[in-house]
Amino acid sequence: MKPIQLFDTASSTFTYILFDAASREAVIIDPVDDQVQRDLEVLREYGLKLIWALETHAHADHITSAGQLAELAGAKTTAPAGCGITTASVQLADGEVLRFGAEQIRALHTPGHTAGSMSFVWRDHVFTGDTLLIDGCGRTDFQSGSSAALFHSLTEVLFKLPDDTTVWPGHDYQGLTQSSIGREKATNARVAGKTQAEFVAIMDALNLPPPKRIQEAVPANLQSGLRHDAPVAHELVQRQADGYAGDVSATLAYQWFEAGEAVLVDVRTDAERAWVGFVPGAVPVAWKQWPGMDMNPEFDNQVLAAGPADKKVLFLCRSGVRSVAAAKRATELGLQAYNILEGFEGDPDTNAQRNRRGGWRFNGLPWRQG
Ligand SMILES: N[C@@H](CCC(=O)N[C@@H](CS)C(=O)NCC(=O)O)C(=O)O
Ligand SMILES: [Fe+2]
């Protein structure tokens, strides 16, 4: 069995999906935000249930979709413990094993490209991230990179795997797709037959320009790709959006709601509502659009019944991912649908304690008891 290999041309990034044939439980490695719809489509096509979203490291050249996949597909986000991706729900240690159905994937700490970087072993395959590339390797000139550490990871960790292990890299810039440990050990231009000093000299002389998106990508990836750096919650903000009427700040949403112009729909699950807090007047309609499911008629019916058809519909969730998906679906149903930016997490005052104690507040606003 081979992994499903997917490619993002803008960043030359490979994303991989592996699954257990019997249970259909699946893992995704290094998903890219611009490709989230493609990946959900693949999961749907194969009838897979996404269990884990894994990162090999905190990427500098593209933004991950792991956080979105957690919300849209129910995956658990997983990242190497040394990468500082604090939002990941599982922080992986060297040697740790993740199970999906009867299959398992093992983490190997392979520092060098970044200090936390990991590779993942599944059967006779290894996903090397940016540690080992085909006839190359990850650069070591930023994000706690170290050529000496990379030399050790390549020669003492990855090259100790059996020669016939298939190598699946994190990127390829030449149109290549896979290699093997034996081949890389014998022919990799940067490391094969080199001493550590020679390798370090090669790496020092690379002089690559920085990745174009490094400034936005690293901070976003430290939060699983869900960015909460735009302080919009307390302003009157309305932005254009693709596929629905627009994005609005909670403050503007509150004004519309108070004026009777809009219906508020909370697409979080019952469990989240109970734990974090209810929003008075909001109609609860959980968004459960897991891949593998057809459009959920229950959602459609409940949203259509949430209020009069001529009112705006404001969608609210935890971080502003599901609310976008729901707003798109509601637009297809003919509603004038808006997404409330950043959901509960956009609120600087929000935490579970305060909301539970104080109750009935969202973004510091006293939503009227409906
Ligand atoms: N040109 C690309 C960046 C390419 C790049 O720096 N890739 C990193 C991986 S994130 C690398 O390690 N490249 C190794 C190499 O090109 O030898 C961009 O601007 O995004
Ligand atoms: Fe990288």
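Just so you know, ligand 1 is whichever comes first in the structure, and atom 1 is the first atom listed for that ligand.
Taking every heavy atom of Arg139 and a limit of under 4.0 angstrom, the matching atoms of ligand 1 come to 5 (C), 6 (O), 8 (C), 11 (C), 12 (O), 14 (C). Here is the list of ligand 1 atoms found below 4.0 Å of a heavy atom in Arg190: 15 (C), 17 (O). The ligand atoms of ligand 1 that sit less than 4.0 angstrom from a heavy atom of Cys137 are 14 (C), 17 (O). Against a heavy-atom cut-off of under 4.0 Å, Gly138 is close to the following atoms of ligand 1: 12 (O). Below 4.0 Å from some heavy atom of His171 lie the following atoms of ligand 1, by number and element: 9 (C), 10 (S).
Between Asp266 and Arg273 there is a salt bridge, since at least one side-chain N of the basic residue sits less than 4.0 Å from a carboxylate O of the acidic one. In summary, Arg38 and Glu41 do not engage in a salt bridge, as defined by a charged side-chain N under 4.0 Å from a carboxylate O. Arg322 has a carboxylate O that lies under 4.0 Å from a charged side-chain N of Glu71, or vice versa, which qualifies the two as a salt bridge. Remark: Glu25 does not engage Arg99 in a salt bridge, criterion side-chain N to carboxylate O under 4.0 Å.
Phe100 has its ring centre no less than 6.0 Å from the ring centre of Trp52. Checked against the 6.0 Å centroid criterion, the rings of Tyr338 and Trp256 qualify as a close aromatic pair.
Of the possible donor and acceptor atoms, one in the side chain of Gln91 sits under 3.5 Å from a partner among the backbone N and O of Ile85.
Atom 4 (C) of ligand 1 has Tyr173 OH, 3.4 Å as its closest protein atom, hydrogens excluded (heavy atom only). Nearest protein heavy-atom neighbour of atom 9 (C) of ligand 1: Asp130 OD2, 3.2 Å. Taking atom 20 (O) of ligand 1 as the reference point, the nearest protein heavy-atom neighbour is Asp61 CB, 3.5 Å. Atom 2 (C) of ligand 1 has Pro211 CA, 4.5 Å as its closest protein atom, hydrogens excluded (heavy atom only).
If you look at Met203 next to ligand 1, there are no close heavy atoms at all, none under 4.0 Å. With a 4.0 Å cut-off on non-hydrogen atoms, Ala60 does not touch ligand 1 at all.
Of the candidates His113, Lys212, Gln143, Arg213, it is Lys212 that places a heavy atom closest to atom 1 (N) of ligand 1.
Below 30°, between 30° and 60°, or above 60°: for Trp122 and His125 the angle between ring planes is below 30°, a parallel geometry.
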Salt bridge (charged side-chain N to carboxylate O under 4.0 Å, His left out) evaluation trace for Lys160 with Glu156:
CA-CA 6 Å; Lys160 294 284 151 84; Glu156 299 298 323; 3.0 Å; yes

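Counting just the N/O/S atoms of Asp130, the one with the shortest distance to the Fe ion (ligand 2) is named OD2.
Remark: at the Fe ion (ligand 2), atom NE2 from His113 and atom NE2 from His57 enclose 90°, rounded to the nearest 10 degrees.
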